[in-house]
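We count ligands from 1, going down the list as the structure has it; atoms in each ligand are counted the same way. Residue indices begin at 1 and follow the sequence shown. The figures here come from the full heavy-atom set of this structure, side chains too, leaving out hydrogens, waters and symmetry mates.
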Amino acid sequence: MEGPVTYETHGDIGVIRIDNPPVNATSHAVRAGLIAAADAFAASPAKVAVLMAEGRTFVAGADITEFGKPPLEPHLPDVINRIEALEKPVVCVIHGTALGGGFEIALGSHYRVMITGAKIGLPEVNLGLIPGAGGTQRLPRLIGLVPACEIFTSARQVGAAECLKLGIADALSDKAPFEAGMDFARKILDEGLPVRRVSEMDVPPTDQDALQALTNRVAKANRGHVCHLKGIDVAIVGTQKPFAEGLKMERAAFWELMQSPQRAAMIHAFFAERKVANLPELKGVEPRPIGHVGVIGGGTMGSGIAVSCLLSGLRVTLIERNAETVEHAHNGIAKTLADSVKRGKLGADARDALLAEKLLCTDKYEKLAAADVVIEAVFESMEVKKDVFTKLDAICKPGAVLATNTSYLDINEIAAMTRRPQDVIGLHFFSPAHVMRLLEVVVAAKTAPEVVATGFALAKTLRKVPVRAGVCDGFIGNRILKTYRTAADIMVLEGASPFQVDKALVDFGFAMGPYAVADLAGLDIGYLTRQRLLPQRKPGERWGEWGDVLYEKGRLGRKTGHGHYIYDEASPKGRPDPEVEEIIAHERARKGIAPRSFTDAEIVERYMAAMINEGAKVVGEGIARRPMDVDVTLLYGYGFPRFRGGPMHYADQIGLAKVLATIEEAGKSGDLIWEPAPLLKQLVAEGRSFDSLNKD
Ligand code: T1G
């Protein structure tokens with residue numbers, strides 16, 4: 001047999017091998033090959049078959065690159081039905097991650113063996129889909145409705161030991177897949193184990209209260225997403241029908257979701273996250289070592305960066321000013337690691353080893369002499385940054401990468417303070433740095449390619465999503481944030497309530513609206529930013545100043561229990577403070593603005609148009625390489641709803657001409673943020689999409 005699937009026999013045992021790198025996805029060729037292999041086995045004298053895969057993992061699902069294209073026969077459900085219908089036993093051997101269609105193939109097999117460290121999962125909801133090859137019908141029959149629904153709505157990967165306990169796996173092995181498969185096949189022959197079809201099993205009794213509780217949890221955790229609850233519905237209703245009808249119902253729901261904008265958005269996000277990490281210009285560029293990381297500053301960002309490095313196995317030397325702040329930083333890191341132990345994310349022994357062997361907190365800069373990478377995370381003042389980089393330039397070894405975590409300062413100016421500007425780069429983490437996955441890799445004018453490659457290599461090690469950014473005020477994320485926040489402020493000045501703005505954007509899919517976010521971050525941050533930007537303000541530029549009034553009243557947001565919202569026992573998540581509306585009304589009156597009403601739709605339209613317009617300026621100026629870099633930045637750093645794919649993808653879905661029309665309409669107010677981006681105007685004129693720029 002040619003192609004990615006082969007069939008061979010070893011005495012009474014047939015072996016079906018899938019070999020389709022990198023992750024054995026069930027491409028058309030694999031599906032056709034599986035049918036041919038099943039037929040070959042059926043026709044062969046072999047009495048039992050082993051189904052396994054080559055390479056680093058068993059099948060990790062359907063081939064996502066085929067989505068959105070006309071589906072070719074055989075379809076995966078039919079392939080799996082063919083395997084399950086075989087009259088001789090098939091044992092599937094799972095190594096690596098059997099995900100989506102891969103796990104569904106295993107469920108269609110008669111027995112499952114898992115190799116130590118292997119995992120299974122049904123992550124289709126991460127793509128805006130549901131399992132579409134029997135997962136919602138077979139898994140409930142094998143383990144029960146509630147655990148099955150939990151697995152395919154959480155998209156979590158389930159380990160081998162838990163699979164054995166749940167009855168998903170029939171055996172575990174620490175041998176290689178082929179040997180493990182042969183062992184179990186011999187067991188089937190020796191014990192005369194029969195064909196055992198999951199589709200013929202009855203669903204075990206269901207705890208209806210548990211099922212309802214799960215459904216409520218899933219609805220709350222996945223607000224705005226369509227697929228999760230549709231999956232539960234298909235599993236519940238489908239498994240009350242004969243299997244073939246349930247499978248049909250699943251397939252119909254699957255295809256409906258396949259046509260949905262949410263699926264397109266989620267798959268855009270899936271591939272964008274991977275493409276932004278692979279920069280064409282870094283092909284063949286060797287990164288420098290990253291084993292020993294220095295961190296300057298043990299504040300919130302510094303200690304978060306240190307924890308992120310420690311949890312990724314790197315050695316960390318953290319510098320603080322004096323013995324007292326050194327101890328404070330060490331205790332802060334120890335506390336964060338203790339929380340990871342409490343949440344079962346880290347073993348207590350491992351934590352102790354990290355603190356004892358990998359972490360050094362000190363006030364002696366010379367301890368950085370051998371560090372490979374040093375990340376400065378001190379107070380956001382150019383004076384302080386220059387002092388730190390002057391010291392680092394004197395102490396660090398040649399070739400050390402000197403990085404700054406500044407979120408807006410000019411990195412070219414910082415680099416110019418050293419004799420090695422080619423070794424200086426921006427690594428902009430997001431708070432909390434050991435949790436947030438976004439990392440802006442800010443490339444200064446003189447940054448060497450291997451230093452950029454080192455930034456991306458560090459991101460991969462820290463399991464961050466790196467986005468390359470150029471130097472400007474706020475880089476990609478904070479620059480765009482400033483613009484859509486200003487658009488919101490202007491709508492409030494013109495009459496909208498900040499609470500209406502927040503609700504409209506939460507309904508659109510954001511976890512929080514801009515004013516709840518401002519309260520969470522602290523209104524002092526907003527106040528300092530407005531003070532810093534004051535000298536740069538242009539004549540006629542408008543922005544909201546009520547935040548300064550709240551600041552001067554000592555209302556700093558959640559941390560003082562009072563911001564735009566009131567946070568107290570009665571409303572820990574905050575309730576609107578009517579006094580804020582009064583303060584805003586005074587500002588309108590002072591500025592001679594006659595307020596008007598806004599619909600939620602108009603608020604969302606303007607907010608998004610401002611975000612998209614600034615995104616187009618950032619791409620047009622080369623600060624972001626492609627529109628998808630903007631999408632990934634907003635998705636991983638600014639809570640943009642994943643089921644909308646990011647602002648630039650969203651713009652393509654609603655149409656760039658419509659976005660431009662909104663911008664031009666809003667621009668009649670004369671506000672500078674509404675100056676249309678040249679790139680947007682060009683694409684509209686050429687009838688092109690942002691996605692047409694994502695190609696390289
Ligand atoms: N299809 C096509 N390409 C895939 C792929 C897939 N399913 N999974 C990964 N790749 C590519 C990926 O783009 C990258 O390419 C390379 O493989 C390595 O991936 C009917 C319909 C398996 C855990 O959702 O979660 O089955 O960038 O960088 O970090 O019910 O990839 O090198 O060119 O991510 O080691 C369900 C998706 C599909 C799993 C490996 N399955 N993949 O992670 O490597 S829907 C999934 C992953 C489905 C059925 C339905 C991860 C991974 P390139 P990588 P990794």
Within the 4.0 Å heavy-atom sphere of ligand 1, strictly under, residues: P22, V23, A25, R56, A60, G61, A62, D63, I64, F67, L99, G100, G101, E104, P123, E124, L127, P131, G132, F254, F270, F271, R274, N278
Which atom pairs, one a donor and one an acceptor, fall under 3.5 Å between side chains of residues 66-75 and the rest of the protein, sequence neighbours left out?
from	atom 1	to	atom 2	distance (Å)
E66	OE1	R31	NH1	3.1
E66	OE2	H28	N	2.8
K69	NZ	T65	O	2.6

Salt-bridge present (R626, D629; N to O < 4.0 Å): yes
Distance-only side-chain donor-acceptor flag, T97 / Q157, under 3.5 Å: no
Test salt bridge (Lys or Arg N to Asp or Glu O under 4.0 Å) applied to D63 - qualifying residues, sequence neighbours left out: none
Salt bridge present between R112 and E104 (N-O < 4.0 angstrom): no
Set of side-chain contact (heavy atoms from CB on, under 4.5 Å) partners for A42, sequence neighbours left out: R82, L86
